[in-house]
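Heavy-atom basis, side chains included; hydrogens, waters and symmetry copies ignored.
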Amino acid sequence: MSKAGQQLGLSPSVVTKRIAWLEDKLGVQLLMRTTRQLALTEAGSLFYKQSLQLSHQWQSLLDETAGSGQLSKGKLRIAAPQPLTNRILVQRCKEFQQLFPNIEIELEVAHYQDLPLSHADISFCAELPGFNSCSYIGQKVFDMHYQLYASPEYIKQHEPITSSKQISEHNCLYFGLESKASWQLGADSITVEGTMKTNNTEVLITAATLGQGIAYLPSELVQDEVDKGLLVSILSDLQGDLTPTYIYFPKLDHMPQKVRLFIDFFKNSFQ
């Protein structure tokens, strides 16, 4: 309450009275109070998240109105998992800002299970079946194409791989912390094991480039390593998993221009 009062230029007692007024107006308790701390109730958490969206919409309206007839400006909040942020979005954001230098980008790394973020203008994640379509709009933007990759050193040290059945004989690097993993290669589902497993895609890619084994990775994320000769595709004629990537953004009567511009730019960059 004291920190909120400092930011608003109000005394803590006034902030407390305004919270009490708001709770009385809504007819629900927003904060749980103890002698040691304050915590949001479920209703308080919902009210806070929706208020953030309203605040962002208001700021977008101010930015667009103030910049009417001028170059688009304002802050664009984008959220995505780490691999997508590092390997795709950073470059796309750079290119976007070269076209629209007055748009400030806030790029937030988020866990898969937390997406879409309520305070983000745009969230990138896998498709969320049954997600609340009353509040968000989801659009597919591209597919992740999974393939087998290994370093040239690893390939030189082993017999040529000509069949998916040989993969289970190799040391396989896989995402997840289970004792085994299943990879889809063409019509075959291959169960693999190995001496290295991780829940971080960047670690997985690094381990593969260091020659520790074969990894099953989205080609869109490792294009740079392939171009530099650090990774080589194995059995590239076999179709791996296709994982759609979606963007989610709040459903509004008026989509902010900065959001519309970025979505159009990003889609065009993948066509």
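When atom types are taken as modelled, the side chain of Gln97 and the backbone of Ile103 share a donor-acceptor pair closer than 3.5 angstrom. A donor-acceptor contact shorter than 3.5 Å is absent between the side chain of Asp121 and the backbone of Phe249. At distances below 3.5 Å, at least one donor-acceptor pair connects side-chain atoms of Gln184 with backbone N or O atoms of Asp188. Judged by distance alone, with hydrogens and angles left aside, the side-chain atoms of Glu127 form no donor-acceptor pair with the main-chain N or O of Pro129 at under 3.5 Å. Tyr248 contributes a side-chain N or O that, together with a main-chain N or O of Leu128, makes up a donor-acceptor pair within less than 3.5 Å. With hydrogens and angles ignored, the 3.5 Å screen pairs no side-chain donor or acceptor of Asn199 with any backbone N or O of Leu177. Listed for the Asp114 side chain is no donor-acceptor partner under 3.5 Å among the backbone atoms of Ala110. A donor-acceptor contact shorter than 3.5 Å is absent between the side chain of Tyr48 and the backbone of Leu40. A side-chain donor-acceptor contact under 3.5 Å links Thr85 to the backbone of Ala80.
The minimum heavy-atom distance linking Gln147 with Leu235 is given by the pair OE1-O, 4.0 Å. Leu238 and Gly186 make their closest contact through CB-N, 4.2 Å (heavy atoms, listed as atom of the first residue, atom of the second, distance). Closest heavy-atom contact between Gln98 and Pro101: O-CD, 4.2 Å. The minimum heavy-atom distance linking Phe266 with Arg92 is given by the pair CE1-CG, 3.9 Å. For Glu193 against Ser179, the heavy-atom pair with the smallest separation is CG-O, 4.1 Å. Residues Gly211 and Tyr154 come closest through the heavy atom pair O-CD1, 3.5 Å.
Side chain to side chain, His145 and Gln239 fail the donor-acceptor criterion of an N or O pair below 3.5 Å. A side-chain donor from one of Ser182 and Ser189 sits under 3.5 Å from a side-chain acceptor of the other. A donor-acceptor pair shorter than 3.5 Å can be found between the side chains of Gln166 and Thr162. A donor atom on one side chain and an acceptor atom on the other are found under 3.5 Å apart for Asn200 and Gln82. Between the side chains of Gln157 and Glu153, not a single donor N or O lies within less than 3.5 Å of an accepting N or O.
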*Any chance you could lay out the side chain to side chain contact (heavy atoms under 4.5 Å, CB included) test for Ile263 and Ile247, step after step, and finish with the verdict?*
CA-CA 8 Å; Ile263 292 174; Ile247 50 171; 3.6 Å; yes

_Intermediate values then yes/no, side chain to side chain contact (heavy atoms under 4.5 Å, CB included), Cys125 and Tyr112_ = CA-CA 7 Å; Cys125 58; Tyr112 289 94; 5.7 Å; no

*What's the verdict on side chain to side chain contact (heavy atoms under 4.5 Å, CB included) for Arg87 and Thr201, showing C-alpha distance, side-chain angles and the deciding distance?*
CA-CA 11 Å; Arg87 295 178 166 269; Thr201 304; over 6 Å; no

*Just do the salt bridge (Lys or Arg N to Asp or Glu O under 4.0 Å) check on Arg18 and Glu23 with the steps written out, would you?*
CA-CA 9 Å; Arg18 291 190 177 182; Glu23 289 180 321; over 6 Å; no

*Please report the C-alpha distance between Met1 and Leu31 in whole Å, then the side-chain angles of each, then the deciding distance to 0.1 Å, and finally whether the side chain to side chain contact (heavy atoms under 4.5 Å, CB included) criterion is met.*
CA-CA 12 Å; Met1 292 295 188; Leu31 295 171; 3.9 Å; yes

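Once rounded to the nearest 0.5 Å, the distance linking NZ of Lys197 with SG of Cys172 reads 13.0 Å. Here OH of Tyr174 is found 11.0 Å from CG of Leu204. Values are rounded to the nearest 0.5 Å. Atoms NZ and OG, from Lys49 and Ser45 in turn, are 4.0 Å apart once rounded to the nearest 0.5 Å. The distance from atom OH of Tyr149 to atom CG of Leu217, rounded to the nearest 0.5 Å, is 7.5 Å. In this structure, CD on Glu106 lies 4.5 Å from NZ on Lys75, to the nearest 0.5 angstrom. To the nearest 0.5 Å, atom CD1 of residue Ile167 and atom CD1 of residue Ile214 are 4.0 Å apart.
Both Val90 and Phe142 are part of a single hydrophobic cluster, where members link through side-chain heavy atoms under 4.5 Å apart. Residues Leu230 and Ile155 fall into different hydrophobic clusters, defined by Ile, Leu, Val, Met, Phe, Trp and Tyr side chains chained together at heavy-atom separations under 4.5 Å. Met255 and Ile137 fall within a single hydrophobic cluster, where Ile, Leu, Val, Met, Phe, Trp and Tyr are joined by side-chain heavy atoms under 4.5 Å apart, directly or via other members. Following chains of ILVMFWY side-chain contacts shorter than 4.5 Å, one cannot reach Ile105 starting from Leu117, and the two form parts of different hydrophobic clusters. Cluster membership check: Ile88 does not share its hydrophobic cluster with Val109, using side-chain heavy-atom separations under 4.5 Å among Ile, Leu, Val, Met, Phe, Trp and Tyr.
Applying the salt bridge (Lys or Arg N to Asp or Glu O under 4.0 Å) rule to pairs touching residues 228-240 yields Asp224-Lys228, sequence neighbours excluded. Within the structure, salt bridge (Lys or Arg N to Asp or Glu O under 4.0 Å) pairs that include any residue of residues 137-151 comprise Lys140-Asp143 (at least two apart or interchain). Evaluation of the salt bridge (Lys or Arg N to Asp or Glu O under 4.0 Å) test over residues 156-185, restricted to residues two or more places apart or in two chains, returns none.
Aromatic pair Phe265/Phe96: centroids less than 6.0 angstrom apart.
Taking the six-membered ring for Trp and thresholds of 30 and 60 degrees, Phe262 and Phe124 have ring planes more than 60 degrees apart, a perpendicular arrangement.
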